Trainee: 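Structure below; questions to follow.
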Amino acid sequence: MHDDERVSDNKMKTPDSGQGIAPEKIEVKKDDVETLFGDVFRAFQKNRSALVGLCVVLFITVLALSAPYVLSHDPYTMNLDNRNQPPSEAHWFGTDTYGRDLMARVIFGARISLVIGLIPAFLATCIGSILGVASGFYGGKTDFWIMRLADVVLAFPSLLLAMVIMYTLGANLFNIFIALSIVGWASTSRIVRSQTLALKEKEFVEAARALGVKKRTIIFRHILPNCLPNIMVVFTMSIPSAIMQEAGLSFLGVGAQPPTPSWGLLVSQGKEFIFSAPWVAIIPGVAILILVLAFNFMGDGLRDAIDPYMKD
Amino acid sequence: MSAQETILDVKNLRTLFLTRKGIVPAVDGISFSVRKGKVTGLVGESGCGKSVTSLSIMGLIPQPPGKIAGGEILFEGRDLSKLSYKEMCRVRGKDISMIFQEPMTSLNPVKTVGYQVGEVLRIHQRDVADAEVRRRVVEMLDLVGIPEPESRVRAFPHQLSGGLRQRVMIAMALICDPKLLVADEPTTALDVTIQAQVLKLMMDLQRRIGTSIILITHDLGVVAETCDDVNVMYAGSIVEQGDVFNIFRNPSHPYTRGLLRSIPDTGGTGRKERLFSIDGMVPSLTDLPPGCRFAPRCTQARESCFKEMPELVPVGEGHFVRCNRAREAC
Amino acid sequence: MNNILVQTKGLKVTFSAEAGMFGGEARVVKAVDDVSIDIAERETYALVGESGCGKTTLGRAILRLVPTTGGQVFFRGEDLSSLSPEAMRSLRRKMQIIFQDPYASLNPRMRVREILAEPFRTHEPKMSAKDVDERIAALLSVVGMRSDTMRKYPHQFSGGQRQRIGIARALALNPEFIVCDEAVSALDVSIQAQVLNLLSDLQKEFRLTYLFITHNLSVVRHIADKVCVMFLGKAMEIGDTEDLFARPFHPYTKFLIAAAPVPDPTQRDRERLLLKGDIPSPINLPPGCRFSTRCPYAQERCRMEEPEAVALEGRAVSCHYPLV
């Protein structure tokens, strides 16, 4: 075929005939590498309440980490002559029933609350993301059973479910992680599943399938990175609820056990003296409030910052 | 000649958007007029400012970030850009109405189409009786060629096809006998055979009712089929303006010529030849070239084209071109 | 004549809306209903039709991106349904796809380099990073882009440029067959012309075979050698482009061609052929010929009996009363 010959000497790498494709003329938009996270970060910075939330969280974290070095009192040392003292110069937050310095106990309690907030929220988000992606991507029976399981978990009042788990496993810190993770994954999995369903239909996923990319690679390379912003929001939002649940469990006596200075436990112990020494219950209660609010502000800000990019 | 009577005069309209990357002059000093009872086309590619123009006329520019920074929009002598929100509400839907591109999202999914068409009437004529509204709605649905209008008034938007939904939109736009209809890509989302039906319907109604129409489209075929006057827009300004026959027979701006030559040949002889194509791409509105906005892509640009923005100059009867070389070249 | 590269025989794709957990009616849509086409090597074969006609699904089914419910697809005479998943995966380098929406077809979280490296990472896992980069640079220059675009993200490009990146990805593994699914429909006219020129240049250079899926008849007429006109999942008429446009045998083809607006105002007063009514719902097709409810020439027989495709002057026409 003489057609072939013509093609072979017609080496039109870039036919520069004044029309079509002259590479030099194709300019890329000016603003240099600009990532989604960059944009999100900028939007986050503009949100004042989110920034305040972030600062509070950072402040509490630093305080909790440096607690042993900055505190003049030990949170476990009892002083029975000094019971239920109101706030004073020696004890800024007063003392509790056993004369322990309340400020030391609250600051040490922050360590527990932060750990309880972060670890179960992280575990729940991981479990939820993986199950959600699998459910959305594979569909069919996998989807059916994972989602029914999620329905069951969501149908229980979460605190009740956590209590049942704690009673069965025994009350200690490690079991709180397990209980809160089991309670928390279901809502994450729903959110990730619905995003996966939308992403699965996108043409870039189809392009990957057309290239013969393996399913698992598609999930990790194409689906999960695009869910990541949402997963981060869910993660931030589930931290305060984990903190609240731990406080609830400890308050009810199935969470952290005395003498651990968990905030929930502090409130619980203080409640007996709520009329004679109200600060013993109120100060840890306010601490819970502040930390939970700070995380909520952060989560809200993150969600607002990410939202516009999730729409298109 | 009554054809010379204009219903809308847009004079030196400037609409800006304030964004993080700076001020975007989406519409930068455009002037055109709409003759009574005629179809005026605004043509251009995406981002040329044609839709922003129509939204400016309707007073629907989101402010902020948008802002009408200058110029006048004279509708029967009244400057629409100076009207208050309330006054504009009385004009919208009654004197001027609009058809959008996407018939699915422009209708409320939880209300019947009959209710939605009738709502326009109720807003603008408060004293009409329900039975009268119903009669007018059925009449209108019938007029726009919806089969079985008596039963279709109770239908919800999702029960209708795209073509029928666009007909409902047209019925909604026309029920108050507007003097001007702004149609923003009314057939772009429709299939070819349905597009032909809807275009024919619009033209028939226009002839019958005598409404003036501003038709916004990127499709030169649609322009050739329907418009009387054409404004070709590029990067926020009008580059060529004139009678539809002049524009197609004697396109005088290199951009118009390029656009017309880029259309794959429908005549049938030119298969497999290379298509003419305009090099490069539309400049970013935040970073416009100093001279003629088309100069960087223009094959005939001279040095002067890169320095100063040309004026809109006449090249024939009612035919204007924004090009330094218009008079010498053609 | 030319060798057949891709062939479908009686291909069927049905979609069913699944019944819910507690039962309910499952609805079935025959998206592609018994379609047989032959695509010759190095030609451009166009699938035309309106929305819901099954052209996109047919393209996907040929690439085995949607499951088929009947019939076969052959690539160089090999039945794709008989291939093992591994063999199919390696055959994928020979058959590629370019998508309509340049905004959805590139992963927004990946840089151009990663997007274009994916074909190599999938099929040439041993290739060194440096070689991959060189290949990517070469690909970018083939589609008329500078190699420093590698570091950027898709949202930093215009629609036309993204489409070029999509084309580069499709070309990466030197395919023989590319499905262009409405590849220029989302682009502005002037950019559309650039991309069409690029596609035909690439076809010559790399000896590609295209399956060009579009609703735009003027594009079809410009680029295609052969056309298959589809309506509600079925091929109505198949023939050589020039011939088919000059003398359509099927009433639907005739009306489809007539419906396209003509960019010439002097022709605006021509007699217009307009179809009545809407496209019927694919869920409950009319009995007999599926075009009969809109066809002005339909007769009693058309409403009773579904026409078979018949050969007519080198064309395949599914009509009882073709317009000869």
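Bear in mind the structure is a predicted one, so any value in this text is a computation, not a measurement. Order of the sequence lines sets the chain letters (A, B, ...), proteins ahead of strands, with each chain counted from 1.
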Trainee: Between C/E176 and C/R76, does at least one N-O distance fall below 4.0 Å, as a salt bridge requires?
Mentor: yes

Trainee: Salt-bridge test for C/D181 and C/R60: reply yes if a basic N is under 4.0 Å from a carboxylate O, no otherwise.
Mentor: yes

Trainee: With a 4.5 angstrom heavy-atom cut-off, is it the side chain or the backbone of C/M95 that approaches chain A, or both, or neither?
Mentor: backbone

Trainee: For A/T125 and A/T188, test the side chains for any donor-to-acceptor distance below 3.5 angstrom and give the result as yes or no.
Mentor: no

Trainee: Salt bridge or not for A/R209 and A/E203, using N-O below 4.0 Å?
Mentor: no

Trainee: Under a 4.5 Å cutoff for heavy-atom pairs, which residue among C/D101, C/I98, C/I97 has the most contacts with chain A?
Mentor: C/D101

Trainee: Does the side chain of C/E118 pick up a donor-acceptor pair with the side chain of A/H222 at under 3.5 Å?
Mentor: yes

Trainee: Checking C/L65 against chain A: side chain, backbone, both or neither under 4.5 Å from a heavy atom?
Mentor: both

Trainee: So which residue, C/Q96, C/R93, C/Q100, ends up with the most heavy-atom pairs under 4.5 Å with chain A?
Mentor: C/Q96

Trainee: With only heavy atoms counted, which part of C/L173 is less than 4.5 Å from chain A, the side chain, the backbone, both or neither?
Mentor: side chain

Trainee: Taking every non-hydrogen pair under 4.5 Å, which of C/M110, C/M88, C/R64 racks up the most with chain A?
Mentor: C/M110

Trainee: Tell me, for C/S105 versus chain A, whether the close heavy atoms (under 4.5 Å) come from the side chain, the backbone, both or neither.
Mentor: both

Trainee: Does the pair C/E114/C/R121 count as a salt bridge with the N-to-O cut at 4.0 Å?
Mentor: no

